[in-house]
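Per chain, numbering begins at 1; letters A, B, ... match sequence-line order. Atoms considered below: every heavy atom in the structure, side chains included; atoms not considered: hydrogens, waters and symmetry mates.
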Amino acid sequence: MMKLKKGKLLIDQHNKNYLYGGKFGGNYVPETLKKPIEDLANLFEKLRHDKKFLNDRNYYFKNYVGAPTPFFKLKNLTKHLGGAQIWCKQVSQANGGAHKIYNATVHALICKRAKKKYIIGDTGAGYAGKMLSMAAKKFGLKCKIFMGTKDIVRQAVNCRAMRKNGAEIVPVDSGSKTLVDAVSECMRYWVSNCDTTHMCVGSTVGPNIFIKICAWSTAQISRELMVQVKKEFGKVPKKLKLINCVGGGSSAMGFWNEFVDYDKNQVELIGVEAGGPKNSKRHAAPLTNGAKIGILHGAIQYVIQDAEGQIEETESISAGLDYPGVSPLHCLLKDSKRARYTSATDEEALQAFKLVSRLEKVRPSLEPAHAFAEAIKIAPRLSEDTIIAVDSCGDAKKDMKIIKERLGRNL
Amino acid sequence: MKPSNIASAFKKCRQEHRPALLTYTVSGDPDKKKFFEILKAISSHADICEIGVGHNCNTGDGKQIQNSTYRAIKNGIKIKDTFAMVKRFKRTKNAKPCILMGYYNSIIQYGENRFIKKCKQVGVDGLIVVDLPWPENKNFSKKCKKNSINFVQLISPTTSKYRMKRIINDSHDMIYYISMLSTTGGKLKVSPSEILKNYNRIKKINKSKNLVIGFGITDKTISSLKKADGLVVGSALCKEISESIKKKQNPVTKVGNMVKRLRAKLS
């Protein structure tokens, strides 16, 4: 079994070939990208130890993103379900309405340091794109966002925001017309323009350096959570469960980072993937359903594919989780058995949204609604001294159209 | 040791004082039957045939090759069909050396050793794996060499001098220089003299390696790069297939004629 090293950040637990557990990740990219990736890796290595850069990051996290995001008990939901206490880390209160702002802000800061004027990124749910367009505007960068045409339709609210921020949305009409092809097209654009343009990958996927930067950025979530948990409970509770949705896996990595070294009997990490429509077989749940190991977007990972290695289309009500692969970091956490992965169906996510938004003032988007579905499932069976913390990493504003269609008008 | 078919092809071209013409088409495009005919039509004029093993997450490829890839996959191409076609092709009268070009995931899923063994069996002469750069390709390229299959290393305008030397050192008979920062099929945005300058820089490191130039080469640009050991035309051929389908023309004759025209420009 794969073993994790204590006291070392998960993002740094790779070998010299950038493979986590000797097996996941790496840099399987066209030759042209080797140099820009190496340059970016060297720059990031320097910056993450640079006091001025860290001060900048902290300044913008506090004053621009808005740190810390709230952490509070969902009293009504807890009472309604009986059993474990359910708490919410409302990351959706961050500027822009989702955790994607951390990665976007850091990439914009790096882009400035690299003296590049153009920044590009991919997006599924539209949050990564919206946040990158915000950060680009803030830091005076020209921005292009690659987005599948299917997602442009279903996440129109975020598209409007991107355009308002002055970003150009490049529609991607190939293959599945969703996130997976948006990432491919963004990488293609970078191959052609890597001399002038900085690329931001929207999640903890892609070549190693992008996984690192993204998880390093979202780690802010668990730094805040650690302080908040200790303040509320005096220490890290004996029975704590951190539940997070997992698509590419950036918000989960951020939510868990500071807690990885704890024993799993004390702090259980639970990742919830997209199970898709109840009767669909095209789940976006490579970890839950035991997908084969393969290469997607430059990294070895569990990925949904056919016998020939063609990447298969997935189907999920949440555009942000609709991705056939998953972060190599989550592959590592799965194979080392540090985290447990499961999935929730579209219907379960919708019901979770309905219940949470009826009882509480939280409006989780369809992505974290998957995490709430798992919390709702397990809470009644657990003791009152068990603390379940759910990362509500996105706001439902972008999903109101889908939610109305599926749950009726009166919500 | 007997020189490889690829090395012999370059030698022959050198004797004719011209660069080798390499073509790239996607296996199974537009369908299995027509592809085999296209391959035969190309073979009368080209010196080396690159055959694309299509992958649907082909991040190194531009629109033309993407279109060909999706079309071929939709029309049912499987890796076993490609192997069967190479085997049949290599027995035809005008057969030329064959290089399979694709993405690493196809090889992993087939099984590395099994893939190489099958290549050897059916007569594949070389392999280009777009997303298996140096040094990630060290083990795989060694395995290829052991089985007398040329593993073709790629060098791009962004490749550092340090990498270049090591890549060339680990290369076999042929090296592929990517003309510009682009996916396949981009418009040639660098001047031919600039490309040749970089070409000479690489060539100087080891003159004995056959160095070909690819990306952005069409019937309009091919003459300006005649000093190279070889020139690869891919997207232009894929585009020809797409357009002939649109215009309800025969892609076999259209592509065959295009390759003939390209070859004439190299004499």
Quick one: which of [options] has the most heavy-atom pairs under 4.5 Å with chain A, could you say?
options: Thr159(B), Ile107(B), Ile178(B), Leu132(B); value: Thr159(B)
options: Asp131(B), Asp61(B), Val129(B); value: Asp131(B)
options: Ile155(B), Ile73(B), Ile108(B), Asn58(B); value: Asn58(B)
options: Gly54(B), Pro133(B), Pro157(B), Cys57(B); value: Pro133(B)

Q) Does the ring centre of His330(A) sit less than 6.0 Å away from the ring centre of Tyr341(A)? A) yes

Q. What do you reckon, are the aromatic ring centroids of Phe83(B) and Phe115(B) less than 6.0 Å apart?
A. yes

Q.
Pairing donors with acceptors under 3.5 angstrom, does anything connect the side chains of Tyr302(A) and Asp335(A)?
A. yes

With a 4.5 angstrom heavy-atom cut-off, which part of [X] approaches chain A: side chain, backbone, both or neither?
X: Ile167(B); result: side chain
X: Tyr110(B); result: neither
X: Ile79(B); result: both

(Q) Within the 4.5 Å heavy-atom criterion, are Ile99(B) and Tyr24(B) side-chain neighbours or not? (A) no

Q.
Please report the interatomic distance OG1(Thr184(B)) to CD(Gln64(B)), rounded to the nearest 0.5 Å.
A. 9.0 Å

Could you tell me how the ring of [X] sits relative to the ring of [Y]: parallel (under 30°), tilted (30 to 60°) or perpendicular (over 60°)?
X: Trp134(B); Y: Tyr162(B); value: perpendicular
X: Tyr28(A); Y: Tyr104(B); value: parallel
X: His107(A); Y: His198(A); value: tilted

**Q.** Part of Ile293(A) within contact of chain B (heavy atom distance under 4.5 Å)
**A.** backbone

Q.
Taking side chain as everything from C-beta outward and backbone as N, CA, C, O, which of these in Asp39(A) sits under 4.5 Å from a heavy atom of chain B? Side chain, backbone, both or neither.
A. neither

Under a 4.5 Å cutoff for heavy-atom pairs, which residue among [options] has the most contacts with chain B?
options: Glu38(A), Lys35(A), Lys34(A); result: Lys34(A)
options: Asn193(A), Asn27(A), Leu296(A), Asp181(A); result: Asn27(A)
options: Ala307(A), Gly309(A), Gly26(A); result: Gly309(A)

